[in-house]
Number of protein chains: 2
Amino acid sequence: MESLTIGKVARLAEVGVETIRFYEREGLIDEPKRRESGYREYPHETIQRLRFVRRAKDLGFTLKEIKELLDLRLEPGNACEHVRERAEAKIHDIETKVRTLQRMRKALTKLTMTCRGKRPVSECPILEAMEGDE
Amino acid sequence: MESLTIGKVARLAEVGVETIRFYEREGLIDEPKRRESGYREYPHETIQRLRFVRRAKDLGFTLKEIKELLDLRLEPGNACEHVRERAEAKIHDIETKVRTLQRMRKALTKLTMTCRGKRPVSECPILEAMEGDE
DNA sequence: ATAAGGTCTGTACTATACTACAGAGTCAAG
DNA sequence: CTTGACTCTGTAGTATAGTACAGACCTTAT
């Protein structure tokens with residue numbers, strides 16, 4: 001069993017070493033155990049965790065929100081009602097994001113159609129497809 | 001026909017006045033015409049445009065990317081091939097975002113199920129559902 | 001055993017996307 | 001025709017999310 005130093009984790013998760021230390025300070029990943037030398041030793045799951053953070057970020061979640069998402073699973077069983085409420089709120093956020101993305105995709109597809117038809121791209125289908133849904 | 005000053009546009013689009021001037025500097029909205037006094041006078045479309053920016057931002061697009069999206073519609077008809085390529089790349093990005101969001105939603109739904117069953121929330125279904133898809 | 005490269009803490013700097021003035025001029029309701 | 005709200009330019013400050021050292025210590029391959 002090879003030991004996972006911060007550099008290896010960074011390479012595997014495709015983030016920077018400094019970023020990992022930054023996430024540790026921000027509470028997005030647990031403080032790992034240390035060697036006698038002080039070197040951090042990571043469990044394998046950390047890689048998944050870091051990838052989760054990166055992806056969630058790409059989807060427009062802030063680190064604060066990502067922390068909230070991750071913390072959902074840590075709640076004690078007796079706060080179950082509370083956990084479910086928050087999870088359902090996040091699901092709602094996600095569904096709104098998906099709908100908006102789908103409208104954007106539709107608008108862009110329309111744009112490529114217009115394009116394919118060799119007609120000039122005069123009117124913008126992007127903005128028009130973004131109306132409504134507040 | 002009432003004139004749309006920056007403050008009115010800001011209220012209608014639900015953004016700050018300073019944000020509008022910032023977006024103008026960054027080229028995300030066109031420079032509007034001015035009164036003799038120097039006051040900006042906006043056309044109605046600006047409101048949709050600002051809403052588009054706000055939403056795209058919530059979906060994890062940077063202002064730079066949003067500008068690219070908006071600029072797609074301005075390309076001259078003869079650069080059609082080029083426009084289509086870029087639009088298709090954006091469609092691909094969007095589809096990836098949608099898939100990731102759907103996996104997150106699935107994971108969260110699973111979490112709420114676990115919750116509803118009154119069992120303790122011990123193992124995290126969120127991270128596990130986020131694997132694969134690079 | 002030594003040199004190259006990895007890691008440590010701590011602090012400082014950067015990019016992005018605003019946000020907040022200051023000081024001066026403009027508008028419009030009473 | 002004033003007065004309070006709005007707008008102007010320009011510059012400075014903030015929050016978020018990293019990124020980059022410096023100076024010192026650790027590891028490992030030769």
Side-chain angles (χ1 to χ4, degrees), chain A residues 1-43 46-47 49-71 93 97, chain B residues 1-43 46-47 49-71 93 97:
Chain A
M1 189 59 192
E2 233 196 313
S3 77
L4 276 175
T5 58
I6 196 165
K8 285 177 193 161
V9 172
R11 264 192 304 284
L12 291 165
E14 294 168 279
V15 298
V17 164
E18 316 279 358
T19 303
I20 296 176
R21 291 199 273 251
F22 173 71
Y23 285 171
E24 183 182 319
R25 281 198 299 283
E26 299 296 308
L28 284 156
I29 55 170
D30 299 328
E31 293 189 21
K33 63 179 199 300
R34 303 290 187 113
R35 292 188 198 173
E36 322 77 72
S37 64
Y39 275 34
R40 289 168 178 82
E41 290 250 287
Y42 290 96
T46 306
I47 296 156
R49 176 79 77 102
L50 288 168
R51 286 192 177 145
F52 175 85
V53 174
R54 195 164 49 67
R55 282 173 188 165
K57 220 162 42 63
D58 286 348
L59 294 169
F61 291 99
T62 63
L63 294 190
K64 193 159 167 290
E65 287 168 332
I66 295 166
K67 191 162 151 39
E68 277 166 31
L69 275 166
L70 289 166
D71 288 350
D93 291 354
K97 279 179 197 276
Chain B
M1 190 59 194
E2 231 196 313
S3 77
L4 275 176
T5 59
I6 197 165
K8 284 178 194 160
V9 171
R11 264 192 302 285
L12 290 166
E14 292 166 279
V15 297
V17 164
E18 317 278 357
T19 303
I20 296 176
R21 290 197 274 249
F22 173 71
Y23 286 170
E24 182 181 318
R25 280 199 299 284
E26 299 295 308
L28 284 157
I29 56 169
D30 299 328
E31 292 190 24
K33 63 181 200 299
R34 305 288 189 114
R35 292 187 198 174
E36 321 78 71
S37 64
Y39 275 35
R40 290 168 178 81
E41 290 251 286
Y42 290 96
T46 305
I47 296 156
R49 175 79 76 104
L50 289 168
R51 286 191 175 147
F52 174 85
V53 174
R54 195 163 51 66
R55 282 173 188 165
K57 220 162 44 62
D58 286 347
L59 294 168
F61 292 99
T62 63
L63 293 190
K64 195 161 164 288
E65 288 168 333
I66 295 166
K67 192 162 148 42
E68 277 166 31
L69 275 166
L70 288 167
D71 288 348
D93 291 354
K97 277 178 197 275

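Since we're looking at a predicted model, the values are computed, not measured. Sequence lines set the chain letters: A, B, ... in the order given, protein chains first and strands last, and positions in each chain run from 1.
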Trainee: Return the value, rounded to whole Å, for the distance between atom CD of B:Glu31 and atom C1' of D:dT9.
Mentor: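 The answer, rounded to whole Å, is 13 Å.
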Trainee: Does A:Lys8 have any side chain to side chain contact (heavy atoms under 4.5 Å, CB included) partners at least two apart in sequence or in another chain, and if so, which?
Mentor: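 With sequence neighbours excluded, A:Lys8 shows a side chain to side chain contact (heavy atoms under 4.5 Å, CB included) to A:Glu2, A:Leu4, A:Thr5, A:Arg11, given in chain and number order.
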Trainee: Could you tell me which residues satisfy salt bridge (charged side-chain N to carboxylate O under 4.0 Å, His left out) with B:Glu65, sequence neighbours excluded, listed by chain and number?
Mentor: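 Once residues adjacent in sequence are excluded, B:Glu65 has no partner under the salt bridge (charged side-chain N to carboxylate O under 4.0 Å, His left out) criterion.
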Trainee: For residues B:Glu41 and B:Pro32, report the shortest heavy-atom separation together with the two atoms involved.
Mentor: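 Residues B:Glu41 and B:Pro32, closest heavy atoms: O-CB, 3.4 Å.
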Trainee: I need the A:Ile20 CD1 to A:Ile29 CD1 distance, nearest 0.5 Å.
Mentor: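 Answer for the CD1-CD1 pair, A:Ile20 versus A:Ile29, is 6.0 Å.
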Trainee: Just to be sure I understand the rule, does A:Arg11 reach a base, reach only the sugar-phosphate, or reach nothing, if contact means heavy atoms closer than 4.0 Å?
Mentor: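 Nothing, no heavy atom under 4.0 Å.
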Trainee: Under 4.0 Å from any heavy atom of chain B: name the first and the last nucleotide of DNA chain C that qualifies, 5' to 3'.
Mentor: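 Result: C:dA17 to C:dC27.
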Trainee: May I have the distance from B:Leu4 (atom CG) to D:dC6 (atom C1'), rounded to whole angstrom?
Mentor: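 Value for this atom pair: 15 Å.
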Trainee: Output a table of nitrogen or oxygen pairs between the protein and nucleotides 17-21 of chain D separated by less than 3.5 Å.
Mentor:
from	atom 1	to	atom 2	distance (Å)
D:dA17	OP1	A:Leu63	N	2.9
D:dG18	OP1	A:Tyr23	OH	3.4
D:dG18	OP1	A:Lys57	NZ	3.3
D:dG18	OP2	A:Tyr23	OH	2.5
D:dT19	OP2	A:Thr19	OG1	3.4
D:dC21	N4	A:Glu18	OE2	3.3

Trainee: Looking at residues at least two apart in the chain, or sitting in another chain, which of them share a side chain to side chain donor-acceptor pair (under 3.5 Å) with B:Lys97?
Mentor: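 Residues passing side chain to side chain donor-acceptor pair (under 3.5 Å) with B:Lys97: none at all.
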Trainee: Among residues two or more places apart or on two chains, list those pairs meeting side chain to side chain donor-acceptor pair (under 3.5 Å) that have a residue in residues 16-34 of chain A.
Mentor: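 Every side chain to side chain donor-acceptor pair (under 3.5 Å) pair that includes a residue of residues 16-34 of chain A, provided the two are not neighbours, is A:Glu24-A:Arg40.
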Trainee: Are any non-hydrogen side-chain atoms of A:Tyr42 and A:Ile47 less than 4.5 angstrom apart?
Mentor: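 Not in contact.
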Trainee: Would you mind building the protein contact string for nucleotides 23-30 of chain D? One character per nucleotide, 5' to 3', B for base within reach (heavy atoms under 4.0 Å), S for sugar-phosphate only, - for untouched.
Mentor: ---BS---
Trainee: If you round to the nearest 0.5 Å, how far is CD1 of A:Ile66 from CG of A:Asp71?
Mentor: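 Rounded to the nearest 0.5 Å, the CG-CD1 separation comes to 11.5 Å.
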Trainee: Specify the closest pair of heavy atoms between B:Val17 and B:Gly7, including all atoms of both residues, with the distance to one decimal.
Mentor: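 Answer, listing the atom of B:Val17 first, then B:Gly7: CG2-CA, 3.9 Å.
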Trainee: What distance do A:Leu70 atom CG and A:Phe52 atom CZ have between them, rounded to the nearest 0.5 Å?
Mentor: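 Result: 5.0 Å between the selected atoms.
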